[in-house]
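Everything numeric in this text was worked out from a predicted model, so none of it was measured. First listed ligand is number 1; within each ligand, the first listed atom is number 1. Every heavy atom of this structure was used, including side-chain atoms; hydrogens, water molecules and symmetry mates were not.
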Amino acid sequence: MIVVMREGCNKDQVNHVVQLVREMNLTDHIIVGTERTVVAVIGDDRFKDRTVLESCPGVDRVVPILAPYKIASKQAHPEPSEIALGGTLGATVGGKRICVIAGPCSIEDRPRFLEVAHAVQEHGATALRGGAFKPRTDPYQFQGLGEKGLEILAEAREQTGLAVVTEVMSISQVPLVTRYADVLQIGTRNMHNFNLLSAIGKADKPVLLKRGWAATLNEFLLAAEYIIQGGNPNVILCERGIRTHEDYVRNTLALGIVPAVKRESHLPIVVDPAHGTGRAYMVPAMCRAAVAAGADGVMVEVHQDPEHALTDGAQSLTPDAFANMMQETRTIAAAVGREL
Ligand code: PEP
Ligand code: MN
């Protein structure tokens, strides 16, 4: 970091900063300019509290140089990470091939889920999604089938070979969900649940980490850092839209995060335009845009009868609409040197 002193600060104030820097086991280098003095701090200051320096007399501001996340950063791992998802079809995310995670919002019952599973597999999905534990705003609405849903999910994997992705909402669910799922989803509401992130860091399955709907890029990557630091390097980031003032959409899909993540991190990023817009008619266009922007995959909701879906029908594609989306997105993938 660089400590920029105020104009007209005195020697004692500079010396005080130097002393604090040394107490932090870091090295200082004072540069006296014509208008300002700055103290360049040398060493890994990522884990030091820079607000201490910021509040010292004579200090104008402190400019961090290193990002606070370390193992999630590109410096730590310059090559993009490619993560194997599981299933029997060799699915991965982060390589040349665009990953498509598709399926209903929730697992509602066995016949309907298996039908959708086969439909998305036939149209080229990479992985199958479906919630068994649902984070619902309203406690009176469908909460998911729980373990019964996980059994159905595992059966769908057996039948289709697709890797299966499902949400884990609490630490106590981690062992159960890990037994059935190939990829553990952390939902937007739990991105800041640091104990859960650490617990999932001990799991031996890849994690799909959704961005908190009010989280900054920095907070998002620090949440990934919690998981990796816990011992699990296989983190897939997922942009799912943020809360803004807009009301023609459920959330605002912040696609600018895709190139930003690519610049900052080696982790793959997928985009979820279903939750990111809340409107089925927007989903195909946003899938194309996500791939054009450099995303490694998309996650979409698919239901054979969206009007009667128990959750998120308005943002669910029918199997036919899914097939069209795949076709259109394939053209974009080819145009940007990817495959689908
Ligand atoms: C979901 O994927 O069904 C879900 C609940 O997503 P989010 O956590 O992004 O709202
Ligand atoms: Mn949903």
What's the shortest distance from atom 4 (C) of ligand 1 to any protein heavy atom, and which residue and atom give it? His275 NE2, 3.5 Å
Atoms of ligand 1 less than 4.0 Å from Gly187 heavy atoms? 8 (O)
Are any non-hydrogen side-chain atoms of Gln185 and Val183 less than 4.5 angstrom apart? no
For the CD atom of Glu158 and the OG1 atom of Thr88, what is their distance to the nearest 0.5 Å? 8.5 Å
Could a heavy atom of Gly131 be found less than 4.0 Å from some atom of ligand 1? no
Report the hydrophobic cluster partners of Val52, with the cluster defined as I, L, V, M, F, W, Y residues connected by side-chain heavy atoms closer than 4.5 angstrom, directly or transitively. Met1, Val3, Met5, Val14, Val17, Val18, Leu20, Val21, Met24, Leu26, Ile30, Val32, Val39, Val41, Leu53, Val59, Val62
Minimum-distance pair of heavy atoms, taken over all atoms of Phe113 and Arg129: CE1-O, 3.5 Å
For Glu301, take its heavy atoms, then give the atoms of ligand 1 lying under 4.0 Å from any of them. 3 (O)
Lys/Arg-Asp/Glu bridge criterion (N-O < 4.0 Å) met for Arg250, Asp312: yes
Of all the atoms in ligand 1, which lie at a distance below 4.0 Å from a heavy atom belonging to Lys210? 1 (C), 2 (O), 4 (C), 6 (O), 7 (P), 8 (O), 9 (O)
So does Glu151 pair up with Arg110, basic N to acidic O under 4.0 Å? no
Around the Mn ion (ligand 2), what protein N, O or S atoms are found below 2.8 Å? Cys105 SG, His275 NE2, Glu301 OE2, Asp312 OD2
Just need the protein heavy atom nearest to atom 8 (O) of ligand 1, so name the residue and atom and give the distance. Thr188 N, 2.8 Å
What are the two closest heavy atoms between Leu317 and Ala280, and how far apart are they? CD2-O, 3.7 Å
Could you walk me through whether Glu219 and Arg211 pass the salt bridge (charged side-chain N to carboxylate O under 4.0 Å, His left out) test, one step at a time? CA-CA 9 Å; Glu219 290 163 342; Arg211 179 190 186 180; over 6 Å; no
Nearest heavy-atom neighbours spanning Met191 and Ile186: N-CG2, 4.3 Å
With only distance considered, is Lys134 within less than 3.5 Å of ligand 1 through an N or O on each side? yes
Which of the atoms of ligand 1 are close to Cys105, meaning less than 4.0 Å from one of its heavy atoms? 3 (O)
Modelled atom types, side-chain donor and acceptor of Gln327 and Arg330, under 3.5 Å: yes
Which option out of Arg136, Arg189, Arg129, Glu167 puts a heavy atom nearest to atom 2 (O) of ligand 1? Arg129
Under a 4.0 Å N-O cut-off, is there an ion pair linking Asp109 with Arg112? yes
Look at atom 10 (O) of ligand 1 and say which protein heavy atom is nearest, naming residue and atom and giving the distance to 0.1 Å. Arg240 NH2, 2.9 Å
